[in-house]
Every structure is written in structure tokens, then in C-alpha cells.
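Working notes, structure below.
Starting from 1, each residue takes its place in the sequence as its number.
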Amino acid sequence: MEDEAKKQPVKDTDGIKTVRTFSSDMAEAVRDNEISVVKVALAEQKKHEKNDMLKSAEGTPAKKILWVSGGILLIVISLGIYYILIRKNTEQSTPVVVQSVDIQAFIPYDQRANIDTTNTISETDISNSIHKEVGNIGKIGGIKNIFINKVVAGKTVQLSSREFITAIGSTMPQALARSLPDSYIIGTYLPRGLGSSPHLFLMFQTKDYNVAYASMLSWESTLLNDVFTMFGIDVSGEKKELFDEQWKDVILNNKDARVLYDKSGAPILYYLFLNRDYFIISDSQDAIKEVNSRLINKNIKPL
């Protein structure tokens with residue numbers, strides 16, 4: 001301890017001797033130590049502050065989820081807008097091709113006419129259009145087939161029998177409607193002879209004769225109301241009594257038929273079964289005979 005307490009001369013860079021003691025060395029060591037501790041403390045504090053700033057910038061888990069969800073939603077919306085624009089440009093650049101799809105006719109016909117129902121507003125529109133087409137004179141002794149169409153996805157397609165019945169607001173019994181295949185004919189026949197005018201007929205096929213026959217008897221009470229517009233039957237004024245008239249039996253073309261007469265006994269409307277598969281509604285015996293003749297000739301098989 002005495003030796004440590006002795007003074008130790010030290011020569012500095014200037015050649016001046018400096019006296020160092022144990023006490024001074026300890027003080028210097030403590031001072032340097034304190035400075036190091038402070039530096040460490042300051043460094044640690046800065047580290048914590050930096051970590052806090054990073055955590056704050058990253059946000060909470062809920063915020064992270066919200067940011068990710070928002071990003072995905074933005075991508076989906078962008079893709080949707082891109083798809084719509086591409087599709088719109090494609091539709092504008094691609095011409096619409098209108099095709100005609102005909103349901104097979106039961107009988108041969110000489111002419112055709114088309115009625116577009118795509119933009120029809122009321123149930124009477126189609127009936128009025130049919131009546132107007134009846135007035136367009138066709139070939140003498142010929143049958144004109146009137147196709148009732150609509151445009152679907154750029155294609156012109158013919159209404160099925162049940163679609164047509166629904167479109168005109170018909171009260172046809174459901175049992176009868178269910179027995180009808182898609183095919184049917186709305187046609188006109190222009191008889192030969194001076195001053196003749198075209199007559200309308202409706203021809204349907206049935207898959208069940210018994211159901212169809214019973215249903216037609218049931219339909220008699222409202223049949224005139226369903227078709228008087230397209231047939232151009234006058235039911236104004238006193239002629240409204242036609243709705244109360246009863247249908248009668250009659251023999252037509254060697255077949256049992258039903259007919260509606262007016263007060264004067266003039267025939268207004270007929271219907272009959274041409275065979276067990278087809279029935280016809282018309283205001284003309286001549287039209288019924290011509291249709292029946294063509295149906296027979298079509299079904300005759302060559303020897």
C-alpha cells in the first residue's frame with residue numbers, strides 16, 4: 001500500500017512531468033465509466049424510440065387486416081372495370097347476326113310473313129298485328145304462314161305454342177295447353193273466286209286427343225273473347241250478345257265440328273279436329289277444307 005501511495009512521476013508529450021496517484025486514477029476510471037453508462041443508456045433509449053416509431057407505422061393487427069382487405073378490394077374493382085370495358089368494346093366491334101329459327105310446319109304453305117313481338121307492350125298488340133297481316137292479300141288459292149317471333153340474344157326465334165297462348169292472354173285450359181307440342185300454325189287462306197278475301201285459321205297439334213277434346217268444350221265459353229280481335233269479329237253494340245251464344249254441332253267436311261252462330265244464324269267461328277292429332281279454329285269453311293286437304297296429301301306415303 002505504501003508503494004501504491006508513492007508518487008509516480010510521468011513524462012507527458014511536452015516533457016513536463018505529471019504526478020498521478022491511485023485516487024486520481026480511480027476518479028478517472030469512474031468518470032469514464034459513468035460516461036459509458038450514459039452512452040449506453042442514450043443508445044438504448046434511441047433504440048426503443050426507433051422500435052416504437054416502427055410499430056406505430058406498422059399499425060395494429062386490425063389496421064393491417066383493413067389495409068390488406070382494402071388493397072384486395074381495389075384490385076377486384078379494377079379488374080371488374082377492365083372486364084366491362086373490354087366486353088363493351090368487343091360488343092361494339094362485333095356485328096349482331098340475326099338468325100331465323102322456324103318450328104316445322106304441319107302442312108306446306110305458299111308464302112310467309114313475320115311478326116316481331118320483342119317489344120310488344122300489351123296482350124292485344126299481337127292480335128292486332130295478326131289481324132293487320134290477314135288484310136295483306138296473298139296468293140289466290142294459297143296459304144300464308146304467319147310466324148310469331150321474338151329476338152333472343154341476337155337470334156330471331158319463333159314463339160312456341162304455349163308462349164303464343166300466354167302472349168295473347170288466352171284463357172285456354174291448362175290441360176289443353178300442356179298437351180300442345182311447340183309447333184303450331186297461324187295462317188291465312190285466300191279462296192279462289194272474284195271478290196274473295198283472306199281468312200285466318202289457327203292450327204294446333206295435341207299429344208292427347210281425349211284431353212284436348214274435353215278441354216275445347218270447356219274453352220268454348222271464353223274462346224270468342226280470346227280471338228275476336230285477330231279474326232276481326234265485330235262484338236260492339238248489340239253484337240256483344242255473341243259472347244252469350246252457345247256453340248252448336250255441325251258436320252263439316254264429313255267431320256264433327258262445333259260452330260258459333262250469331263242471332264241471324266250466320267256462322268261466326270268454327271273449330272274441329274282434323275284427326276286425333278290436329279285441330280283447327282277458323283271463320284271459314286273454305287280455309288278448313290284447304291288445310292285438311294294439304295294435311296292429308298302430306299301424310300300420304302308414296303307406293
Side-chain angles (χ1 to χ4, degrees), residues 101-109 117 123 126-127 130 143 145-148 150 157-187 189 199-231 233 242-261 267-285 287-301:
V101 178
D102 295 341
I103 295 175
Q104 185 178 5
F106 309 134
I107 58 174
Y109 56 90
T117 65
E123 294 174 344
I126 299 177
S127 296
I130 293 173
I143 284 180
N145 194 350
I146 304 173
F147 291 85
I148 311 299
K150 64 180 178 179
V157 297
Q158 185 181 356
L159 268 64
S160 68
S161 58
R162 276 164 285 187
E163 287 176 327
F164 168 70
I165 290 165
T166 300
I168 64 173
S170 174
T171 58
M172 177 185 285
Q174 288 297 314
L176 178 57
R178 287 193 295 269
S179 78
L180 303 181
D182 289 338
S183 301
Y184 64 103
I185 290 181
I186 300 173
Y189 172 68
H199 291 276
L200 179 68
F201 66 88
L202 310 179
M203 184 180 179
F204 297 95
Q205 185 179 14
T206 178
K207 294 178 288 187
D208 192 324
Y209 169 76
N210 293 326
V211 168
Y213 187 85
S215 296
M216 286 302 299
L217 292 174
S218 175
W219 193 18
E220 286 182 357
S221 60
T222 56
L223 177 55
L224 176 63
N225 188 63
D226 289 350
V227 302
F228 76 86
T229 299
M230 67 179 75
F231 278 94
I233 300 172
L242 279 172
F243 293 118
D244 299 323
E245 294 295 329
Q246 300 298 311
W247 290 71
K248 307 293 184 181
D249 291 323
V250 65
I251 300 298
L252 180 59
N253 207 32
N254 295 322
K255 299 179 185 295
D256 292 330
R258 298 283 283 174
V259 59
L260 182 66
Y261 295 106
I268 301 298
L269 202 60
Y270 301 91
Y271 79 82
L272 78 156
F273 285 83
L274 300 171
N275 54 37
R276 294 182 68 86
D277 297 321
Y278 300 96
F279 64 94
I280 187 172
I281 302 169
S282 183
D283 61 350
S284 166
Q285 291 189 26
I288 293 173
K289 291 177 181 178
E290 180 65 23
V291 169
N292 186 63
S293 176
R294 295 195 183 201
L295 181 63
I296 292 173
N297 291 334
K298 180 183 179 182
N299 293 330
I300 292 177
K301 297 181 179 179

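Shortest non-hydrogen contact noted between M203 and L274 is CE-CD1, 4.0 Å. The minimum heavy-atom distance between P181 and S161, with the atom names listed, is O-OG, 2.6 Å. Pairing each heavy atom of A287 with each of H199, the nearest pair is CB-CB, 4.5 Å. What you find for A175 and V211 is that their closest heavy atoms are O-CG1, 3.6 Å. Residues L242 and Y261 approach most closely at CD2-O, 3.9 Å, considering heavy atoms. Between D256 and L272 the shortest heavy-atom distance is O-CB, 3.7 Å.
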query = Going through the distances and angles, do R258 and L252 end up as a side chain to side chain contact (heavy atoms under 4.5 Å, CB included)?
reply = CA-CA 9 Å; R258 298 283 283 174; L252 180 59; over 6 Å; no
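Under the 4.5 Å side-chain criterion, counting only non-hydrogen atoms from C-beta, M172 is in contact with L180. Two residues are said to be in side-chain contact when any heavy atoms from C-beta on lie closer than 4.5 Å; I143 and N145 fail this criterion.
With sequence neighbours excluded, the residues forming a ring pair (Phe, Tyr, Trp, His ring centres under 6.0 Å) with Y271 are W247, listed by chain and number. Shown here are the ring pair (Phe, Tyr, Trp, His ring centres under 6.0 Å) partners of F201, two or more places apart in sequence or in another chain: there are none. Remark: D244 engages no residue in a salt bridge (Lys or Arg N to Asp or Glu O under 4.0 Å) (not counting sequence neighbours). Evaluation of the ring pair (Phe, Tyr, Trp, His ring centres under 6.0 Å) rule for Y189 yields no partner, not counting sequence neighbours. Applying the salt bridge (Lys or Arg N to Asp or Glu O under 4.0 Å) test to R294 and every residue at least two apart in sequence or in another chain returns D110, E290. Residues satisfying the side-chain hydrogen bond (donor to acceptor under 3.5 Å, both in side chains) test with S179, not counting sequence neighbours, are T206. By the side-chain hydrogen bond (donor to acceptor under 3.5 Å, both in side chains) test, S215 is found to be paired with no residue, residues two or more places apart in sequence or in another chain being considered. Applying the side-chain hydrogen bond (donor to acceptor under 3.5 Å, both in side chains) criterion to N254, with sequence neighbours excluded, gives no partner residue. Residues satisfying the salt bridge (Lys or Arg N to Asp or Glu O under 4.0 Å) criterion with E123, sequence neighbours excluded, are absent altogether. The side chain to side chain contact (heavy atoms under 4.5 Å, CB included) check on D277 picks up N275, with sequence neighbours excluded. Listed by chain and number, the residues in a side-chain hydrogen bond (donor to acceptor under 3.5 Å, both in side chains) with Q285 are Y270 (sequence neighbours excluded). The ring pair (Phe, Tyr, Trp, His ring centres under 6.0 Å) test applied to F164 returns Y184, not counting sequence neighbours.
In this structure, R162 CZ and Q174 CD are separated by 10.0 Å, a value rounded to the nearest 0.5 Å. A distance of 4.0 Å separates CE in M230 from CD1 in I168, rounded to the nearest 0.5 Å. How far CD of Q205 is from CZ of F106: 5.0 Å, rounded to the nearest 0.5 Å. Taken from NZ in K255 to NZ in K289, the straight-line distance is 13.0 Å, to the nearest 0.5 Å. Atom CZ of residue F279 and atom CG of residue L202 lie 9.0 Å apart, to the nearest 0.5 angstrom. A distance of 9.5 Å separates CG of L223 from CG of N225, quoted to the nearest 0.5 Å.
Heavy-atom neighbours of N253 CG from other residues, nucleotides or ligands within 6.0 Å: above the threshold of 12. Atom CZ of F273 sits in a crowded spot, with more than 12 heavy atoms from other residues, nucleotides or ligands closer than 6.0 Å.
For the pairing with I288, the side chain to side chain contact (heavy atoms under 4.5 Å, CB included) check across D283, I281, I280 returns one residue only, I280.
With no hydrogens or angles considered, no side-chain donor-acceptor pair links S127 and T229 at under 3.5 Å.
With hydrogens and angles ignored, the 3.5 Å screen pairs a side-chain donor or acceptor of D226 with a backbone N or O of T171.
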